[in-house]
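A note on names: the letters A, B, ... follow the listed sequences, proteins ahead of strands, and every chain is numbered from 1. If you're wondering where the values come from, they're calculated on a predicted model, not measured in any experiment.
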Amino acid sequence: MVKFSELNISETTLKSVKRMGFEEATPIQEGTIRLGMEGKDIIGQAQTGTGKTTAFGIPLIEKIDTKDGNVQGLIIAPTRELAIQVSEELYRLGQDKNVRILSVYGGQEISRQIRALKNRPQIIVGTPGRLLDHINRRTLKLDNVNTLILDEADEMLNMGFIEDIQTIMASVPDTRQTLLFSATMPDAIRRIAEKFMKTPEIVKIKSKEMTVENIEQFYVKSVEREKFDILSRLLNVQQPELAIIFGRTKRRVDELAKALNIRGYLAEGIHGDLSQAKRMSVLKQFKAGKIDILVATDVAARGLDISGVSHVYNFDIPQDPESYVHRIGRTGRAGKKGVAVTFVTPREMGYLGIVERTTKKKMEALVPPTADEAVLGQKRVAMEQLQEMTEKNNLGDYREFAAKMLENFDAVDLVAAAIKTMTKEPEDVPVSISEERPLPSRGGGGYKGKGGSGRSGGGGGYKGNRSSSARPSSSRGASSGASRRREGGSGGGRPGRTTRRSES
DNA sequence: AAAAAAT
């Protein structure tokens, strides 16, 4: 491991880096910072959550001439939220050097951005549409840009974005340095990318798998109509700290979020049809733990760095293997552990094999708990937690209340009541999630190529997040974790953590 | 076929 202090970074920037809590460079940072500062064009590829923003951010910040008020660096990102996040990180990296950073994206008053542009920012982070808008209004001049960065580069060069990107690139001088970063870079896209670059250095952090090792990956075979029940059982048993549930369409995300709310979970949906204000408030609430389940379309698949996301559920299998890599990469970041569970319908089993071949990682079959097993698992976990709390010996005045109750009630009854409070019984609230065609049907195939790893759903026993840390309930008795109920929800209480079915 | 991205 190389330290940032050994990378020839200026004292000023090093100070910012230290303040951010960074000491040692990750492999992608070590591999690209030096090259970047030499002015080379780079295609940087490394697994999710390994610090790519800092990898391109440091050379960029180092290169900025603070006496020059022109825009010198331009970063383009595929979603508004990601643009905001990147600009915040660059702000921190450039704080001691006093670099001016501005993010521009749709859904925010353009007049406000035009005013901010008059403060002469040196770095712009933006989304394609709004950048073009500013370019056409001549409120953004890119003649002096000497560094162009595409974050999530393969996505930016994909159909749907490529035309906008080419137009934006046309207003940036050819003499620029171009940096492309992503966790995924399909060959076809890489070839397109190289056309926009000058003899790029390819820095690919090689690892056996495309995904990080600290994410445990499972799949659940389930027919469409059973998905939701299985999901709620998994939530009850695995008890995520924070969870992201990905759905295939905006409509599905809406329905899923609503259904989860009906069942008493603290969930909110996010997708591109919501107002920008709503999108930001949902994300803010999720980061603050005011909601603990984020239901999302692929708008949240890439780049978002939210600490505490312990579980990712693909309620619908992603459209392509790259999307899978990015979605599950919302957990297991910066060396932390994560769990990813992907729902697969029987007809999608072949496609699952294609995903696995791309990521070079087999998912483990997870046999979902039955309703009874889920309840049993929760009771067992409740017992463990009560035992743990007792052993910690810090119950303080709770013991006095307990003593008072024991004068009038049976001890067994009281403990039973405690366990019952912590257990979430399944509810028969009918919940409707419209079934959409899981994958486009093309002559019965559905996807290109025949995967056919031909496995049966069976396989390994149920395994969940074994490492889930004990989270003793707070003094107010409110439980935390994604299966926390909304107040006033019937029964309420704290569901269990993880159990292993194999023992039961 | 979907989602994202300007209004």
Side-chain angles (χ1 to χ4, degrees), chain A residues 74-86 103-114 117 124-140 150-169 171 182 184 189 224 244-256 269-280 282-283 294-304 314-327 330 345 347-348 351 434-448:
Chain A
L74 175 66
I75 297 122
I76 316 179
T79 65
R80 299 166 181 177
E81 286 75 14
L82 187 54
I84 294 166
Q85 178 185 296
V86 168
S103 56
V104 298
Y105 48 88
Q108 193 191 43
E109 257 184 279
I110 198 156
S111 55
R112 178 174 148 188
Q113 290 174 3
I114 292 171
L117 282 162
I124 300 288
V125 188
T127 48
R130 184 55 68 91
L131 283 169
L132 281 173
D133 198 352
H134 281 294
I135 292 168
N136 293 333
R137 289 167 186 256
R138 311 201 184 281
T139 46
L140 175 61
L150 299 190
D151 197 8
E152 305 297 341
D154 57 329
E155 175 77 350
M156 304 313 295
L157 296 173
N158 221 329
M159 282 177 344
F161 272 128
I162 181 84
E163 281 185 28
D164 286 354
I165 298 302
Q166 280 180 295
T167 315
I168 296 169
M169 279 186 173
S171 33
S182 182
T184 52
I189 303 277
E224 193 61 45
I244 303 181
I245 302 172
F246 286 101
R248 200 173 61 87
T249 64
K250 292 180 267 206
R251 179 173 165 196
R252 242 160 111 86
V253 164
D254 283 337
E255 288 175 348
L256 204 43
I270 190 167
H271 59 65
D273 275 359
L274 303 177
S275 71
Q276 191 52 32
K278 177 70 179 170
R279 282 167 63 164
M280 285 172 42
V282 168
L283 206 58
L294 183 69
V295 189
T297 59
D298 274 336
V299 71
R302 283 179 177 253
L304 295 188
N314 289 312
F315 193 73
D316 299 311
I317 197 165
Q319 296 293 313
D320 47 72
E322 286 74 33
S323 171
Y324 175 81
V325 170
H326 290 280
R327 281 182 178 188
R330 295 319 95 215
T345 61
R347 59 176 300 203
E348 290 164 345
Y351 174 61
S434 53
E435 291 189 23
E436 301 181 42
R437 252 172 266 287
L439 281 171
S441 168
R442 219 178 304 155
Y447 43 84
K448 281 167 268 174

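Under a 4.0 Å N-O distance rule, the pair R137(A)/D133(A) qualifies as a salt bridge.
In this structure, T127(A) reaches the dA6(B) phosphate: one of its side-chain N or O atoms is under 4.0 Å from OP1 or OP2. Note on R80(A): every side-chain N or O is 4.0 Å or more away from OP1 and OP2 of dA4(B). At the phosphate of dT7(B), neither OP1 nor OP2 sits under 4.0 Å from any side-chain N or O atom of R137(A). In terms of phosphate contacts, T297(A) brings no side-chain nitrogen or oxygen within less than 4.0 Å of OP1 or OP2 of dA2(B).
Heavy atoms of R302(A) sit nowhere under 4.0 angstrom from any nucleic acid atom. The residue G272(A) sits close only to the backbone: its heavy atoms come under 4.0 Å of sugar-phosphate atoms, none of a base.
For the residue pair H271(A) and D254(A), a side-chain donor N or O sits within less than 3.5 Å of a side-chain acceptor on the partner. R130(A) and Q108(A) share no side-chain donor-acceptor pair at under 3.5 Å.
Across dA5(B), dA2(B), dA3(B), the shortest atom-to-atom separation from the side chain of K250(A) is found for dA3(B). Considering only side-chain atoms of T79(A), the nucleotide from dT7(B), dA5(B), dA2(B) that sits closest is dA5(B). Which of dA2(B), dA4(B), dA6(B) sits closest to the side chain of V299(A) comes down to dA4(B). Of all nucleotides listed (dA6(B), dA2(B), dA5(B)), dA6(B) comes nearest to the side chain of D133(A).
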